[in-house]
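Side chains included, hydrogens not; waters and symmetry mates left out as well; all remaining heavy atoms used.
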Amino acid sequence: MGYSFEHVELPEPAATARAHAEACLELGGSCGNWPRCRDEYESLAAAHQFALNVAGMGFCREHMRRAGMTYQATPRPFPDWPFDGIDDWRNAEQSRRDAYQQAERTAAAQTSPGMVGIPEFKFTSNGPWLVGTTEIEQALIFYEASPASLRAECEADELWVAWLAWLREARAHGGFTVS
(Lines give C-alpha, C1' and ligand atoms only; values in the text may rest on other atoms or scores of the structure.)
Protein backbone atom coordinates (compact mmCIF):
# COMPACT_ATOMS: atom_id res chain seq x y z
CA MET A 1 0.00 0.00 0.00
CA GLY A 2 1.16 3.49 -0.75
CA TYR A 3 -0.11 7.01 -0.34
CA SER A 4 -0.59 9.41 -3.23
CA PHE A 5 -1.06 13.11 -2.61
CA GLU A 6 -2.09 15.80 -5.09
CA HIS A 7 -2.72 19.52 -4.82
CA VAL A 8 -6.39 20.42 -4.79
CA GLU A 9 -5.82 23.41 -7.07
CA LEU A 10 -3.83 22.56 -10.18
CA PRO A 11 -2.66 25.19 -12.65
CA GLU A 12 -3.80 25.07 -16.25
CA PRO A 13 -3.59 22.95 -18.34
CA ALA A 14 -3.28 20.28 -15.60
CA ALA A 15 -6.61 21.28 -14.01
CA THR A 16 -8.50 20.84 -17.27
CA ALA A 17 -6.72 17.56 -17.98
CA ARG A 18 -7.68 16.24 -14.51
CA ALA A 19 -11.33 17.25 -14.95
CA HIS A 20 -11.45 15.60 -18.36
CA ALA A 21 -9.77 12.37 -17.17
CA GLU A 22 -12.07 12.14 -14.11
CA ALA A 23 -15.20 12.72 -16.21
CA CYS A 24 -14.06 10.17 -18.75
CA LEU A 25 -13.26 7.60 -16.06
CA GLU A 26 -16.68 8.10 -14.46
CA LEU A 27 -18.30 7.16 -17.74
CA GLY A 28 -16.11 4.15 -18.38
CA GLY A 29 -13.46 5.75 -20.57
CA SER A 30 -15.96 6.82 -23.20
CA CYS A 31 -14.26 10.02 -24.36
CA GLY A 32 -12.59 8.24 -27.27
CA ASN A 33 -9.12 9.21 -26.04
CA TRP A 34 -8.85 6.87 -23.04
CA PRO A 35 -6.22 6.09 -21.74
CA ARG A 36 -4.33 8.86 -23.56
CA CYS A 37 -6.31 11.55 -21.68
CA ARG A 38 -5.39 9.91 -18.34
CA ASP A 39 -1.72 9.76 -19.35
CA GLU A 40 -1.77 13.45 -20.31
CA TYR A 41 -3.30 14.37 -16.95
CA GLU A 42 -0.75 12.29 -15.04
CA SER A 43 2.10 13.94 -16.94
CA LEU A 44 0.80 17.48 -16.40
CA ALA A 45 -0.02 16.90 -12.72
CA ALA A 46 3.21 15.12 -11.76
CA ALA A 47 4.84 18.30 -10.46
CA HIS A 48 1.88 18.74 -8.10
CA GLN A 49 1.99 15.27 -6.57
CA PHE A 50 3.84 13.53 -3.75
CA ALA A 51 3.92 9.85 -2.86
CA LEU A 52 4.94 7.82 0.17
CA ASN A 53 5.04 4.11 0.85
CA VAL A 54 3.58 2.73 4.08
CA ALA A 55 6.85 3.05 5.98
CA GLY A 56 7.42 6.61 4.79
CA MET A 57 3.90 7.66 5.78
CA GLY A 58 4.33 5.99 9.17
CA PHE A 59 7.57 7.90 9.67
CA CYS A 60 5.99 11.25 8.74
CA ARG A 61 2.85 10.52 10.75
CA GLU A 62 4.98 9.79 13.85
CA HIS A 63 6.94 13.03 13.46
CA MET A 64 3.70 14.96 12.99
CA ARG A 65 2.27 13.36 16.10
CA ARG A 66 5.38 14.23 18.14
CA ALA A 67 5.14 17.87 17.01
CA GLY A 68 1.42 18.06 17.81
CA MET A 69 0.47 18.53 14.16
CA THR A 70 -2.17 15.78 14.16
CA TYR A 71 -4.91 14.63 16.49
CA GLN A 72 -6.66 11.35 17.14
CA ALA A 73 -10.26 11.04 16.03
CA THR A 74 -12.64 8.51 14.56
CA PRO A 75 -13.77 9.30 11.03
CA ARG A 76 -17.45 9.52 10.23
CA PRO A 77 -18.52 7.13 7.48
CA PHE A 78 -18.67 8.05 3.84
CA PRO A 79 -22.11 8.11 2.20
CA ASP A 80 -23.54 4.83 0.98
CA TRP A 81 -23.44 4.27 -2.78
CA PRO A 82 -26.99 5.22 -3.86
CA PHE A 83 -26.79 3.61 -7.30
CA ASP A 84 -27.87 0.13 -8.31
CA GLY A 85 -24.62 -0.45 -10.16
CA ILE A 86 -22.21 1.09 -12.62
CA ASP A 87 -24.85 1.28 -15.36
CA ASP A 88 -27.19 3.16 -13.01
CA TRP A 89 -24.31 5.57 -12.25
CA ARG A 90 -23.52 6.12 -15.92
CA ASN A 91 -27.18 6.63 -16.88
CA ALA A 92 -28.14 8.74 -13.85
CA GLU A 93 -29.00 12.41 -14.15
CA GLN A 94 -25.90 14.56 -13.75
CA SER A 95 -27.51 16.28 -10.76
CA ARG A 96 -27.83 12.90 -8.99
CA ARG A 97 -24.16 12.06 -9.63
CA ASP A 98 -23.15 15.58 -8.55
CA ALA A 99 -25.10 15.26 -5.28
CA TYR A 100 -23.35 12.00 -4.45
CA GLN A 101 -19.93 13.41 -5.34
CA GLN A 102 -20.56 16.46 -3.13
CA ALA A 103 -21.56 14.21 -0.21
CA GLU A 104 -18.41 12.15 -0.75
CA ARG A 105 -16.24 15.30 -0.93
CA THR A 106 -17.79 16.58 2.32
CA ALA A 107 -16.96 13.27 4.01
CA ALA A 108 -13.41 13.38 2.60
CA ALA A 109 -12.86 16.87 4.03
CA GLN A 110 -14.20 16.07 7.51
CA THR A 111 -12.49 17.28 10.65
CA SER A 112 -13.45 17.01 14.30
CA PRO A 113 -15.13 20.06 15.85
CA GLY A 114 -12.93 21.77 18.41
CA MET A 115 -9.77 19.99 17.30
CA VAL A 116 -6.78 21.72 15.71
CA GLY A 117 -4.39 20.31 13.12
CA ILE A 118 -4.93 17.36 10.81
CA PRO A 119 -6.94 14.33 11.92
CA GLU A 120 -4.52 11.42 11.90
CA PHE A 121 -7.06 9.10 10.24
CA LYS A 122 -6.37 10.98 6.99
CA PHE A 123 -2.89 9.43 7.07
CA THR A 124 -3.81 5.87 8.03
CA SER A 125 -5.68 4.90 4.86
CA ASN A 126 -5.70 5.99 1.23
CA GLY A 127 -8.97 7.79 1.70
CA PRO A 128 -10.06 9.41 -0.42
CA TRP A 129 -9.27 12.23 2.00
CA LEU A 130 -9.03 15.96 1.53
CA VAL A 131 -6.65 17.94 3.74
CA GLY A 132 -7.58 21.62 3.60
CA THR A 133 -5.46 24.72 3.91
CA THR A 134 -6.70 25.50 7.42
CA GLU A 135 -5.66 22.06 8.64
CA ILE A 136 -2.25 22.44 7.03
CA GLU A 137 -1.77 25.95 8.43
CA GLN A 138 -2.68 24.79 11.94
CA ALA A 139 -0.31 21.82 11.68
CA LEU A 140 2.55 24.03 10.49
CA ILE A 141 1.94 26.51 13.32
CA PHE A 142 2.19 23.63 15.81
CA TYR A 143 5.37 22.43 14.14
CA GLU A 144 7.01 25.87 14.32
CA ALA A 145 6.00 26.11 18.00
CA SER A 146 7.49 22.70 18.86
CA PRO A 147 10.85 22.59 20.65
CA ALA A 148 13.86 23.51 18.54
CA SER A 149 15.51 20.23 19.50
CA LEU A 150 12.57 18.25 18.05
CA ARG A 151 12.59 20.29 14.84
CA ALA A 152 16.35 19.79 14.49
CA GLU A 153 15.96 16.04 15.01
CA CYS A 154 13.15 15.83 12.46
CA GLU A 155 14.89 18.04 9.91
CA ALA A 156 17.99 15.85 9.97
CA ASP A 157 16.03 13.41 7.79
CA GLU A 158 15.58 14.10 4.06
CA LEU A 159 12.14 12.48 3.94
CA TRP A 160 10.82 14.76 6.68
CA VAL A 161 12.28 17.83 4.98
CA ALA A 162 10.59 16.80 1.72
CA TRP A 163 7.27 16.17 3.53
CA LEU A 164 7.45 19.53 5.29
CA ALA A 165 8.15 21.25 1.94
CA TRP A 166 5.16 19.40 0.45
CA LEU A 167 2.89 20.63 3.26
CA ARG A 168 4.06 24.21 2.79
CA GLU A 169 3.57 24.01 -0.96
CA ALA A 170 0.15 22.35 -0.66
CA ARG A 171 -1.02 25.14 1.64
CA ALA A 172 -0.66 27.52 -1.33
CA HIS A 173 -2.57 25.16 -3.66
CA GLY A 174 -5.85 24.68 -1.79
CA GLY A 175 -4.63 21.72 0.26
CA PHE A 176 -4.19 18.18 -1.00
CA THR A 177 -5.98 14.94 -1.61
CA VAL A 178 -4.92 11.60 -0.13
CA SER A 179 -5.54 8.49 -2.17
Side-chain angles (χ1 to χ4, degrees), residues 1-19 21-22 38 41-79 101-179:
M1 182 173 118
Y3 294 81
S4 298
F5 308 98
E6 183 172 283
H7 291 153
V8 169
E9 297 168 358
L10 295 178
E12 289 300 340
T16 297
R18 176 172 61 191
E22 287 175 349
R38 179 202 60 211
Y41 150 63
E42 289 176 357
S43 174
L44 291 168
H48 303 279
Q49 297 172 338
F50 192 84
L52 290 170
N53 63 22
V54 171
M57 186 71 258
F59 173 83
C60 291
R61 190 173 51 242
E62 178 60 28
H63 277 25
M64 291 179 77
R65 184 182 303 131
R66 290 176 60 207
M69 299 168 73
T70 62
Y71 60 86
Q72 297 293 316
T74 302
R76 294 180 307 280
F78 276 72
Q101 288 176 323
Q102 182 56 50
E104 189 174 65
R105 188 170 176 85
T106 298
Q110 67 181 280
T111 58
S112 298
M115 302 300 285
V116 179
I118 304 170
E120 203 166 300
F121 60 74
K122 291 184 178 182
F123 300 124
T124 59
S125 75
N126 322 67
W129 296 113
L130 176 61
V131 179
T133 56
T134 300
E135 294 167 274
I136 296 168
E137 183 65 32
Q138 291 170 345
L140 290 171
I141 288 169
F142 275 110
Y143 180 71
E144 294 302 323
S146 66
S149 59
L150 174 61
R151 291 193 318 273
E153 176 189 336
C154 293
E155 292 172 21
D157 188 280
E158 290 179 24
L159 177 58
W160 177 255
V161 172
W163 175 248
L164 199 55
W166 165 256
L167 290 175
R168 290 175 175 143
E169 185 179 318
R171 174 180 54 187
H173 292 278
F176 61 92
T177 58
V178 182
S179 57

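- Expressed to the nearest 0.5 Å, how far CZ of Phe176 lies from CG of Leu130 amounts to 9.0 Å.
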Practice task
Could you give me the CA-CA distance, side-chain angles and deciding distance for Glu120 and Thr124, then say whether side chain to side chain donor-acceptor pair (under 3.5 Å) is met?
Solution key: CA-CA 7 Å; Glu120 203 166 300; Thr124 59; over 6 Å; no
Problem - Chi angles and distances behind the side chain to side chain donor-acceptor pair (under 3.5 Å) call for Thr106, Gln102 - result: CA-CA 6 Å; Thr106 298; Gln102 182 56 50; 3.2 Å; yes
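- When side chains are defined from C-beta on, Tyr71 does not count as touching Val116, because their heavy atoms never get closer than 4.5 Å.
- Side-chain contact between Leu167 and Phe5 is absent, with no heavy atoms from C-beta onward closer than 4.5 Å.
- Side-chain contact check for Arg61 versus Thr70: every heavy-atom pair is 4.5 Å or farther apart.
- Under the side-chain contact (heavy atoms from CB on, under 4.5 Å) criterion, Glu155 pairs with Tyr143, Arg151, Trp160, Val161, Leu164, sequence neighbours left out.
- Trp166 has its side chain within reach of His7: a pair of non-hydrogen atoms, C-beta onward, lies under 4.5 Å apart.
- The 12-atom threshold is exceeded at CD of Glu144, counting heavy atoms of other residues, nucleotides or ligands nearer than 6.0 Å.
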Handout entry: Residue pair Leu159, Cys60: steps toward the side chain to side chain contact (heavy atoms under 4.5 Å, CB included) verdict
Key = CA-CA 8 Å; Leu159 177 58; Cys60 291; 4.1 Å; yes
Exercise for the section: Begin with the C-alpha distance, continue with both residues' side-chain angles, and end with the deciding distance and a verdict on side chain to side chain contact (heavy atoms under 4.5 Å, CB included) for Trp163 and His63. Expected result: CA-CA 10 Å; Trp163 175 248; His63 277 25; over 6 Å; no
Practice task
May I have the step-by-step check of side chain to side chain contact (heavy atoms under 4.5 Å, CB included) for Leu10 and Gln49, ending in yes or no?
Solution key: CA-CA 10 Å; Leu10 295 178; Gln49 297 172 338; over 6 Å; no
Exercise for the section: Applying side chain to side chain contact (heavy atoms under 4.5 Å, CB included), run through Gln110 and Trp129 and close with a yes or a no. Expected result: CA-CA 8 Å; Gln110 67 181 280; Trp129 296 113; 3.7 Å; yes
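- Here the OG1-NE2 distance, from Thr133 to His173, works out to 12.0 Å after rounding to the nearest 0.5 Å.
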